[in-house]
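Excluded from the calculations below are hydrogen atoms, water molecules and symmetry mates; all remaining heavy atoms, backbone and side chain alike, are included. Letters A, B, ... are given to chains in the order of the sequence lines, protein chains preceding strands, and every chain is numbered from 1.
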There are 2 protein chains.
Amino acid sequence: MADSTPQLTRPRKRRRDPERTREAILEVSAKLMAKDGPEALSVSQVAQLAGVNRGTAYHHFQTREQLVKATTDWVSEKMTDAVFGDAEQQRNRPEVVLGNLAHFCVEYPEFGRVWLVRILSMEDRNQDHFWRQFKSQVDRFVASEAAHEGIDAEVHAVRVLTSAILWPVWMRSRSATPEEREEMASRFTREMMRLHLDGLFRKEKYSDLEMMPTHL
Amino acid sequence: MADSTPQLTRPRKRRRDPERTREAILEVSAKLMAKDGPEALSVSQVAQLAGVNRGTAYHHFQTREQLVKATTDWVSEKMTDAVFGDAEQQRNRPEVVLGNLAHFCVEYPEFGRVWLVRILSMEDRNQDHFWRQFKSQVDRFVASEAAHEGIDAEVHAVRVLTSAILWPVWMRSRSATPEEREEMASRFTREMMRLHLDGLFRKEKYSDLEMMPTHL
DNA sequence: ATACTGTTCAACACTGATGTATAAAATTGT
DNA sequence: ACAATTTTATACATCAGTGTTGAACAGTAT
C-alpha cells in the first residue's frame, strides 16, 4: 500500500520558502488543535490539509509532540504581540487591552482557543508570556484608584479571558464576513464596558440581595 | 500478541450491577473527554481506567461515537438537574442559578467542561436542554425591571457560562479538599455578584472613558 | 558548474486502536 | 435448578497513525 498523501489542496507548483512552509503547517496545526484538542492532532492530517508532504512536516518538526509544542508557543507569541504590541504607554488602559483582545480573538478564534487550552493544562502558568503580561495589567488596574475596592483580580482575569476567547467561538466568527466580525467584537466590548461601568442590577429595584443561597 | 486490558484498578471482585457499570464507564469517559477532547477518546483507555473489560464497554456502547454521544447527553442531563432541579419558583432568581452553577462546576469540573465543548461544537444549540433553560432564564432577567436597560443577553449568557465552567478548571478544583472547593465557589459567586451590582470602575475617578479604541 | 538546502516520494517496522466474534465464567431472577 | 444477563478472556482482521530511512528532485547561492 503506497504512502499516498495525495496533495489535495495545492496541485499548483509553488516557490520554495521554508518559513512559509513552516507557518502553513503551524497554521493548520493550530486550526486542528482548536477543533479537536492537542491530543487528537495528527501529523498526517496536518500535512494533508497544509498541502505539504508528510515528510516535509517531519522535516520541520521532528515529532508530533514537538509540533504541538511549537504550535502553542507560536500562538502565544502572536497573541502577546497583537494584544500588548502597541505603544508601551497604552498598557495601563484596560479598555484598550480589552479591545485588542476582543479584536484578536474574533479575527483568529483558533489561536485564542489553542492558547486557552494550553494555559488551562499548564503546570506553572507564569511560564506563559501572555498570561504574565495580562495578569500584571489586571493587578495594576485593580490596585489603581480607578477600580472599586475588593475586586478579586484572579476571578476577574479568568472571567475576561475565557469570555473574550470563547465569544468568537460561540459566534463562529471564523465563517463570518469582516463586517460581521467587526460587529461581533463591538458587541462584546460594548457589553463588557457597560458591565464594568454599571453592573447588571438596578439596585433600587433589586434590594433584597442579602438573601444569598445557603451554600455560599 | 495478546489483547491484554490488564485490569489495573479493580482486582477486587464486585457485585454485578449493570447500571453502576454503565455509570462508571460514563464517568471515566467524561473525565477523559474533559481532559483531551471527544476526538481523542479511546474506548480501550476508558475501559482500562474504569476497571472493566473492553468487551464490557462495547457491550454497553456499541461504538466509540455512541459512547461519546451517550456521555455528553448524560452530562447535560446531570447539569440541568443540578442547576435547575430545585423548586420551580426559585428559577427567576439569577443569584440562585449562579450559585447552583458555580457549585456544580466546582464539584464536577469535567462535566462542565464536557458540556462546554459540546455546546460550542453543536450546530443547533437549542437542541441542548441546559442551554434552553439557561438562555430563557437570562432573557427573563434581562427583560425584568431588576436589570439595567440595554444588556446584551447573549454576551451576558456566554460570559457567565464560560467563566463559571472554566474557573474551577483554572483552579484545579478536582484536586482540592471540600473546604477549598467551597471557598472557590464562594470566591467566584462573590466576585460575580459584586461585579453585577457595582461594575468595576469608580466612575468619578475614571471619567475619560469616551476615548475608546478606534476599531470598536 | 557545484554544493547546499528544502522538498518530495515510496517503503518499512511498529504501535495502538477499532470493531467483531466466540466461548466461558459469574451473578442474578424465577 | 434453570435461564437470562452481565462480565471476562481471547483471538483476529483491519485501519490509521508514528517515526525512520534512502534516494531523488528542485530551486538558490557561491
Under-4.0 Å side-chain N/O to phosphate OP1/OP2 contact, A:Thr56 with C:dT8: yes
- request: Check the distance between D:dT6's C1' and B:Arg20's CZ and give it to me in whole angstrom.
  value: 16 Å
- prompt: Separation of A:Phe61 atom CZ from D:dG17 atom C1', in whole Å?
  reply: 18 Å
- prompt: CZ of B:Arg54 versus P of C:dG16: gap in Å, rounded?
  reply: 14 Å
task: Find out whether the Lys NZ or Arg CZ of B:Arg22 is both under 6.0 angstrom from the six-membered ring centre of B:Trp74 and within 45° of the ring's axis.
output: no
- prompt: Angle class for the A:Trp115/A:Phe130 ring planes (parallel below 30°, perpendicular above 60°, tilted otherwise)?
  reply: perpendicular
- prompt: Can you check whether A:Thr21 has a side-chain N or O nearer than 4.0 Å to OP1 or OP2 of C:dT7?
  reply: yes
task: Using whole Å, report how far CG of A:Leu41 lies from P of D:dG17.
output: 11 Å
task: Compare the minimum distances between each of C:dT18, D:dT18, D:dT8 and the side chain of B:Arg64, then state the nucleotide with the smallest one.
output: C:dT18
- prompt: Among D:dT20, C:dT7, D:dT6, which nucleotide sits nearest the side chain of A:His59?
  reply: C:dT7
query: Over how many whole Å does the gap from A:Leu32 atom CG to D:dG17 atom P extend?
result: 11 Å
field: Atom-to-atom span, CG of B:Asn53 to P of C:dA25 - whole angstrom
entry: 15 Å
field: Side-chain ion pair, A:Asp73 and A:Arg118, N-O less than 4.0 Å
entry: yes
- prompt: Salt bridge check: are B:Arg194 and B:Glu191 linked by an N-O gap of less than 4.0 Å?
  reply: yes
task: Pick out which of B:Arg174, B:Lys31, B:Lys78 makes a salt bridge (charged side-chain N to carboxylate O under 4.0 Å, His left out) with B:Glu110.
output: B:Arg174
field: Short side-chain N/O contact from A:Thr63 to OP1 or OP2 of D:dT18, under 4.0 Å
entry: no
- request: May I ask you to verify if any side-chain N or O of A:Ser44 is less than 4.0 angstrom from the OP1 or OP2 atom of D:dA16?
  value: no
- prompt: To the nearest Å, how far apart are B:Gln45 CD and C:dA17 P?
  reply: 7 Å
query: Under 4.0 Å between a side-chain N/O of B:His60 and OP1 or OP2 of D:dT7, yes or no?
result: yes
- request: Mind calculating the distance between CD (B:Glu23) and P (D:dT7) to the nearest angstrom?
  value: 13 Å
